[in-house]
Amino acid sequence: MRYDRGTIKILFAIIGILLCIVVPSLLYAEDVCVSEESAKRIVVDLEKGKVNEEQVITLKAYNQEMEKQILLIKEVAKLKDEQIKKNEEMIEQQKKLMEYQAQACEEKVKNGSPSFFDGLIKIIGGAGIGIIIGVLL
């Protein structure tokens, strides 16, 4: 059987392609193989990575919840500060009111008690009336 040149070229091309596919995998097959100890360590490391990834996800969710709580606490603190400010204003108003009441009481006591001259006039008036009654009797 005689092969023409075109068939031989195709045959060599196919053989070349197969060699290009098979030879590299054979040459580097030993690099891919690992010892049993290394395989165990790789499996353990992969499992640790999986556990760590789950923990990261859990901690991210926990962190988000903490951030929400921090925002709520900041809002509560802001409301408390506003309430304290309003209470301080009310205390100031109560102090002013008490001062006004104290002044009003002092003025009422001052106005309500007779002055020295008022007492003197009443005494002189009473003595005068007593003398007039004494003279008439």
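This one's a predicted model, so the numbers in the text were calculated from it and none came from an experiment.
With a 4.5 Å cut-off between side-chain heavy atoms of Ile, Leu, Val, Met, Phe, Trp and Tyr, the cluster of Val44 takes in none.
Annotation: the span from Ile70 atom CD1 to Asn63 atom CG amounts to 8.0 Å, rounded to 0.5 Å. How far CZ of Arg41 is from NZ of Lys48: 10.5 Å, rounded to the nearest 0.5 Å. In this structure, CG on Asp45 lies 14.0 Å from NZ on Lys40, to the nearest 0.5 angstrom. If you take CG on Leu71 and NZ on Lys68, they are separated by 10.0 Å, rounding to the nearest 0.5 Å.
Taking the side chain as every heavy atom from C-beta outward, Leu97 and Gln94 approach each other to under 4.5 Å. For the pair Lys80/Gln83, a side-chain contact is recorded, criterion being any heavy-atom separation below 4.5 Å from C-beta on. Side-chain atoms of Val76 and Leu72, non-hydrogen and from C-beta on, never get closer than 4.5 Å to each other.
For Glu82, the CD atom is densely surrounded, since the number of other residues' heavy atoms within 6.0 Å is greater than 12. Atom CD of Gln69 has more than 12 heavy atoms from other residues, nucleotides or ligands within 6.0 Å.
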